[in-house]
Amino acid sequence: MWSTLQVFHSESSDRDLLSLPDTFSWKTCMRTVLVSDSRIHPYPVDLPSHWESKSGYEAYRLLLEIISGLKSKLFGETEVLSQFKQRFQELPDLAFGEYLAKLRDNLIEDCRTLRSGYLQNLGEQSYGGLADKYLSEATNPPKEIILFGTGQLAEKILPWLSHSNRKTKIVGRNPNRLEFLSSVSGSASHLMEDWSPNGEAWVIAAPMDFSAWMDKLAPGNLVLDFREEPLEESWPSDIVYIPFAEMLSSLKETEERTRKVKEELKSVLDELLEERELEAHQIVFGWDDLPCPTF
């Protein structure tokens, strides 16, 4: 069924500059994925070099690795599957939408197989869990926390911050998203331009530049930075600043287990893809009969 599948994928900072017509896009704070089919979208001759391109069952494999957290900086993380499910609920009409729905269902089924059999007991497997770990294990666990961001990453981290002994405030630039996140969490919220620091711990989950606010941090303040690349030149030496790279490197105790899982998963993925190829005759009704599927 997936022999004509096409997937384009990039984690580059300028990935949003590329626009391909007749593709279904899925964007997160870490990556952009474009899904299409060779019968409706020929391979683009001018695809930028930082874009990864896969076809057929290798494209299916790439999607499966992404939603299972195998391509994530935090190996095996769970947030990306939730983001995938949310995006793939809003599908185009007609045959291509049916095709994407079947693709979604197959991927979720195979992802569950991988997670239940191989991606358990790997330590922290969510960005929220990682934030909670550092906040709880701090020398002086903070009682008040500022979560910066209103996107998908912030939304997934937020429930982990809402402990009974913590007070969380959401700060961002999107008023509609601020209102939504505040309503579902019971947390206070402020627009970035209306906010000023007051000794809270910071959890950064948005690509903002904090240079203008750093001088208001108090000595000893904790800052957890989930951005892959900080936008500031440096941070004050008297605060506890923990970048994302340092959080990942701290998970040394799970490295050997993770390495073994990665090796095991190579053959497991091969078997799953072989099973999907053998199912190729079970196509979505009507799709195979269309010489040029449309949106």
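All heavy atoms count here, side chains included; hydrogens, waters and symmetry mates do not.
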Check residues 167-177 and write down every donor-acceptor pair under 3.5 Å in which the side-chain atom is one partner and the other belongs to a residue at least two apart or another chain.
| unit_1 | atom_1 | unit_2 | atom_2 | d |
| --- | --- | --- | --- | --- |
| Thr168 | OG1 | Leu161 | O | 3.3 |
| Asn174 | OD1 | Asn176 | N | 3.1 |
| Asn174 | OD1 | Arg177 | N | 3.1 |
| Arg177 | NE | Thr150 | O | 2.7 |
| Arg177 | NH2 | Thr150 | O | 2.9 |
| Arg177 | NH2 | Glu155 | OE1 | 2.8 |

Exercise. Is the closest basic N to carboxylate O distance between Lys102 and Glu98 below 4.0 Å?
Worked result: no
For this session: Can you measure from CD (Glu11) to CH2 (Trp51) and round to the nearest 0.5 angstrom?
Result: 10.5 Å
Solution key, residues 202-225 side-chain donor-acceptor pairs under 3.5 Å, sequence neighbours excluded:
| unit_1 | atom_1 | unit_2 | atom_2 | d |
| --- | --- | --- | --- | --- |
| Asp209 | OD1 | Ser211 | N | 2.9 |
| Asp209 | OD1 | Ser211 | OG | 2.7 |
| Asn221 | OD1 | Ala218 | N | 2.8 |
| Asn221 | ND2 | Gly199 | O | 3.4 |
| Asp225 | OD1 | Arg227 | N | 3.0 |
| Asp225 | OD1 | Arg227 | NE | 2.8 |
| Asp225 | OD2 | Arg227 | NE | 3.2 |
| Asp225 | OD2 | Arg227 | NH2 | 2.7 |
| Asp225 | OD2 | Tyr241 | OH | 2.6 |

Problem set entry | Minimum heavy-atom distance between Ser183 and Phe180, given as atom pair plus value | OG-O, 2.6 Å
Problem set entry | Short side-chain donor-acceptor distance under 3.5 Å, Ser10 and Arg15 | no
Exercise. Are Glu109 and Arg276 ion-paired here, with the side-chain N under 4.0 Å from a carboxylate O?
Worked result: yes
For this session: Show your reasoning for whether side-chain contact (heavy atoms from CB on, under 4.5 Å) applies to Lys71 and Leu62.
Result: CA-CA 9 Å; Lys71 290 283 188 179; Leu62 174 60; 3.6 Å; yes
For this session: May I ask you to decide if Asn106's main-chain N or O and Tyr60's side chain share a donor-acceptor pair within less than 3.5 Å?
Result: yes
Problem set entry | Whether Ser267 side chain and Glu264 backbone form a donor-acceptor pair below 3.5 Å | yes
Exercise. Does Glu277 use its side chain to pair, donor to acceptor, with the backbone of Tyr57 at less than 3.5 Å?
Worked result: no
Exercise. Between the side chains of Ser187 and Arg166, is a donor N or O closer than 3.5 angstrom to an acceptor N or O?
Worked result: no
Exercise. Are there more than 12 heavy atoms of other residues, nucleotides or ligands under 6.0 Å from atom CD of Glu274?
Worked result: no
Exercise. Is there a donor-acceptor pair closer than 3.5 Å between any side-chain N or O of Arg87 and the backbone N or O of Ser25?
Worked result: yes
Exercise. Between the side chain of Glu200 and the main-chain N/O of Asn198, is any donor-acceptor distance below 3.5 Å?
Worked result: yes
Seminar exercise, completed: Interatomic distance, NE2@His50 vs CG@Leu17, rounded to 0.5 Å, equals 7.0 Å
